[in-house]
Amino acid sequence: MSPMRDVDHMNDFQLADPVPVQLLREDGTLSEHPQFSSYVEDLEDEVLRELYRHMVVERRFDAEATSLQRQGQLALWVPALGQEAAQIGVIAALRSSDRVFPTYREHAMALYRGISPEELMGTFRATRHSGWDPHTYDFNGYSVVLATQTLHAAGWAMGITQDVATGSLPEGRAADEVVLACLGDGATSQGDAHESMVFASSYQLPVLYFIQNNHWAISVPQKTQSRTPLAHRAAGYGFEGIRVDGNDVLATYAVSRYMTEQIRAGGGPKLVEAVTYRMGAHTTADDPTKYRSREELEEWKSRDPISRYRSWLLTGSKVDQEYVDQVDQEAADLASDLRTAVLAMEPMDLERVFDTVYAEPHRQVEVEKSWLKDYEAGFAEEVDHE
Amino acid sequence: MTQTFNLPDVGEGLTEADIVSWRVAVGDTVEVNDVICEIETAKSLVELPVPFAGTVEELVAGEGETLEVGQPLIRISAEPGGGETPPASRPASAPAAITPDENSSGGETRQEGSPDQATTEDQQQALVGSGPKADAPKARRRTRPAALDLVDLTGLEMGEAPRRGAGGDFADIVQKASPPVRALAKRLGVAVWELVGSGRNGQITRDDVERQAQQKSVSRESAGETPPPSLGLLYDGPREEKVDVRGVRKATALNVAASASTVPHVSVFKEVDVTATMELRSVLRDDPSYQGLAVSPMLFAAKAIIWAARRNPQVNATWHDTHYTLCNYVNLGIAAATPRGLVVPVIHEAHTYTTKGLAAAITALTTDAREGRTTPAEMQGGTVSITNIGSLGLDYGTPILPPGQASIVMLGAVRTKPWVVKGQIVPREVMTIGGSFDHRLIDGDLAGAFVSDIASVLEQPGLLLG
């Protein structure tokens with residue numbers, strides 16, 4: 001057979017529709033989609049309400065955290081404002097045992113999984129390296145280094161396939177688990193993301209790549225990073241990619257459900273590009289007014305994920321005003337709890353950082369540890385003098 | 001109770017912010033997280049939310065003022081029974097920009113025995129305010145921690161105590177030698193901490209490392225580690241070789257030939273106990289503000305020459321056959337051996353420099369000279385010069401005067417020698433100084449007085465204070 005004919009094993013996907021899948025229009029009315037409407041038609045009101053509740057609670061939580069940082073109580077905060085629907089849409093479509101590999105902005109997903117405000121704040125208060133046990137919530141620690149989590153996700157997924165192949169799946173783990181690899185538009189330019197996708201495709205790993213395209217990689221606009229919709233990149237690796245309106249919680253949920261079904265059925269990796277917008281700063285150390293226009297911000301305000309969904313819920317009598325008020329109260333309570341928890345958080349014993357690096361004593365770690373003690377002793381001396 | 005909100009670090013590692021505008025006035029009622037003002041930091045414009053509820057009692061800083069992180073920004077008087085207060089259970093060491101005021105009645109006080117007590121003496125002192133990472137008393141350090149010995153340098157074992165070399169301590173080396181340069185040094189077996197960087201701000205360059213490696217291999221060769229050259233020749237090369245004279249070599253040749261054949265040179269020497277100078281030198285070397293500057297015996301000699309020239313004006317002059325010009329200023333020439341030959345760049349108006357300024361000037365000048373960047377213009381106008389043959393390990397020699405100058409001072413190597421102090425033989429740091437002088441206007445007695453004055457300063461650097 002000539003090499004030119006060697007195409008039998010290659011997938012030939014249609015490129016994703018550049019127009020994102022949308023089920024809920026900006027004005028809060030439902031639109032019909034031939035493929036995805038069915039995924040939300042039968043959703044119970046209870047499920048619909050939960051989607052709403054989680055988005056609202058996270059937004060209030062996010063605002064409180066921003067204030068706490070401005071008041072000197074957090075070292076840094078990474079606002080997720082505007083990305084609530086993308087995050088809640090995908091996390092609600094997963095099973096609670098599906099492992100999530102988050103970036104550092106996945107607060108809505110984290111809270112949805114039951115991670116407490118205090119656990120979530122450990123890193124931002126600089127009192128913990130990672131505030132929660134990843135195994136308890138099947139939710140890995142936040143990755144601050146861009147795109148590294150996509151490699152971890154591919155590795156985890158490879159572990160699952162090996163466990164299944166060798167019949168050594170741990171008790172309580174399902175053979176058809178999905179691994180969620182979160183990344184942003186900026187991280188797609190990292191080599192790690194490329195390697196992860198190559199491996200996921202080569203080994204047909206059960207990974208769902210979930211790109212929150214919030215349009216800005218700090219100050220670099222998305223259009224600089226890619227001349228093509230990010231969802232199109234999946235075709236290059238040989239798997240399916242779909243663009244979805246990331247400010248439409250129903251569409252994100254529906255597309256994610258479809259993708260996870262395919263993955264669970266052995267379909268290999270998939271990619272979802274949730275088109276959304278970071279309404280706030282990249283982090284509290286960033287000033288977005290320096291690189292983006294007020295007009296752009298106003299345009300995205302009109303596509304707000306929560307107000308359009310609330311409007312649809314109220315119009316369709318899925319919820320009443322009382323429920324909306326009740327959720328607002330819950331969000332305010334959570335914000336207040338967050339403030340109390342943050343103010344009471346105690347610093348970590350720093351020795352722990354050194355003592356948990358290696359199983360056995362290690363020379364370099366010992367040197368670093370004694371350096372730190374010396375460093376801290378320098379402060380003590382100063383206080384004594386004053 | 002009055003609570004004070006101190007300016008927090010709203011970015012990462014910011015130290016101050018300008019108050020752009022206040023959104024509240026004294027007497028206003030505020031709720032937690034109400035925006036009270038807009039500030040501008042080095043990074044961004046930021047709206048600040050207030051951390052507690054109550055009535056605005058005082059805006060501590062006005063619009064347009066710059067506040068340091070941790071300084072009081074606003075004071076809020078809590079409504080009786082209302083408003084939010086920081087929980088009393090807050091750990092003393094936990095960060096907070098919120099300070100209960102001690103001087104207000106009914107105010108919360110800090111926990112007994114807390115580490116913060118050291119600062120409670122100062123009622124206005126901001127307890128904290130620079131974010132969760134550091135509180136106010138911790139923000140300024142007095143002691144410098146030992147260098148973090150994690151960098152694998154040639155010849156130094158992991159965990160071995162950091163040592164000082166010509167290039168400074170370990171932290172200096174890590175700063176001055178980039179990882180690729182350190183890797184090169186490792187490959188060539190060069191101990192980077194022994195190098196003085198010739199790059200900008202004392203950066204150790206690849207050239208520095210390669211030069212050192214070359215010198216090492218030359219000295220190895222001379223120690224007989226390499227095979228002997230072919231029979232009948234001193235070294236591997238042609239039996240005779242014609243080398244063209246040009247550039248700096250040519251200029252040097254013309255200058256010294258003219259000077260030696262027209263100026264009658266007279267030389268005098270004196271051995272000096274420079275122990276006090278060497279002590280002062282180590283003090284300045286440890287002074288962080290001298291970091292990156294070459295604090296050499298030359299620096300102190302330069303100061304001494306300026307001091308001595310003030311007392312012996314005639315050494316600082318130019319001979320013109322029918323008259324000579326006395327210079328009531330010092331343009332100090334620094335003779336530097338470079339791969340291209342001898343160059344003598346000049347520090348103009350050297351008498352106006354502070355010690356540190358002079359150190360910086362000498363460092364910059366010698367670096368430029370070694371890298372061949374000295375321009376002819378920079379070598380013009382010298383009135384007195386200095387040559388440090390001590391750096392070559394020599395004790396004394398008779399330098400040739402640069403054209404137009406009447407004095408050149410020579411510095412020998414500093415050596416620990418037996419020295420008689422008050423009838424006792426004690427080890428002291430000793431150096432030979434001296435130089436060559438234009439005998440047409442400087443006789444041996446004036447040359448001697450000048451050199452003795454320089455010697456006095458090097459013996460007792462405190463004289464410079466006078």
Side-chain angles (χ1 to χ4, degrees), chain A residues 60 63-77 121-127 281-291 332 335-336 339-347 362-368 370-386, chain B residues 5-14 32-33 35 39-41 43-52 69-70 84 86-87 89-91 93-98 115-119 121-122 128-134 137-150 158-159:
Chain A
R60 181 66 185 85
E64 192 68 19
T66 302
S67 288
L68 283 165
Q69 197 283 335
R70 294 299 185 224
Q71 291 158 1
Q73 298 297 340
L74 298 176
L76 187 76
W77 181 242
M121 284 303 153
T123 308
F124 296 102
R125 172 82 160 170
T127 59
H282 170 70
T283 71
T284 47
D286 168 49
D287 180 359
T289 63
K290 287 182 176 165
Y291 51 81
S336 173
R339 174 168 289 269
T340 309
V342 162
L343 294 178
M345 279 163 77
E346 296 194 43
H362 188 280
R363 189 165 203 168
Q364 182 175 338
V365 171
E366 288 308 310
V367 170
E368 289 176 333
S370 72
W371 184 91
L372 182 81
K373 279 185 174 165
D374 184 27
Y375 179 78
E376 289 188 324
F379 295 121
E381 193 175 313
E382 158 131 331
V383 172
D384 288 345
H385 286 167
E386 282 184 353
Chain B
F5 179 34
N6 298 329
L7 181 70
D9 174 6
V10 296
E12 289 172 281
L14 297 172
V32 173
N33 291 342
V35 172
I39 61 170
E40 182 164 22
T41 71
K43 283 182 174 172
S44 54
L45 277 172
V46 171
E47 290 182 330
L48 273 193
V50 70
F52 24 62
V69 166
E84 230 173 89
S89 61
R90 181 170 69 80
S93 56
I98 303 163
D116 294 327
Q117 273 204 318
T119 61
E121 304 303 314
D122 185 353
V128 282
S130 51
K133 276 180 280 188
K138 288 191 175 185
R140 291 179 299 276
R141 288 177 53 80
R142 284 253 172 79
T143 57
R144 257 167 41 123
L148 191 51
D149 169 24
L150 295 179
M158 179 64 74

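Chain naming here is simple, since letters A, B, ... match the order of the sequence lines and numbering starts at 1 in each.
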Item to check | B:D9 to A:Q69 - nearest heavy-atom pair and separation | outcome: O-NE2, 3.6 Å
Next on the checklist: Going by side chain to side chain donor-acceptor pair (under 3.5 Å), name the residues that satisfy it together with A:T289, two or more places apart in sequence or in a different chain.
Outcome noted: A:D287
Checklist entry - Counting only N and O atoms by type, is there a donor-acceptor contact under 3.5 Å from the side chain of A:Q71 to the main-chain atoms of B:P49? => result yes
Checklist entry - So how far is it from B:N33 CG to A:L68 CG, rounded to the nearest 0.5 Å? => result 7.0 Å
Checklist entry - Given that the side chain runs from C-beta out, which part of B:V35 has a heavy atom under 4.5 Å from chain A: side chain, backbone, both or neither? => result neither
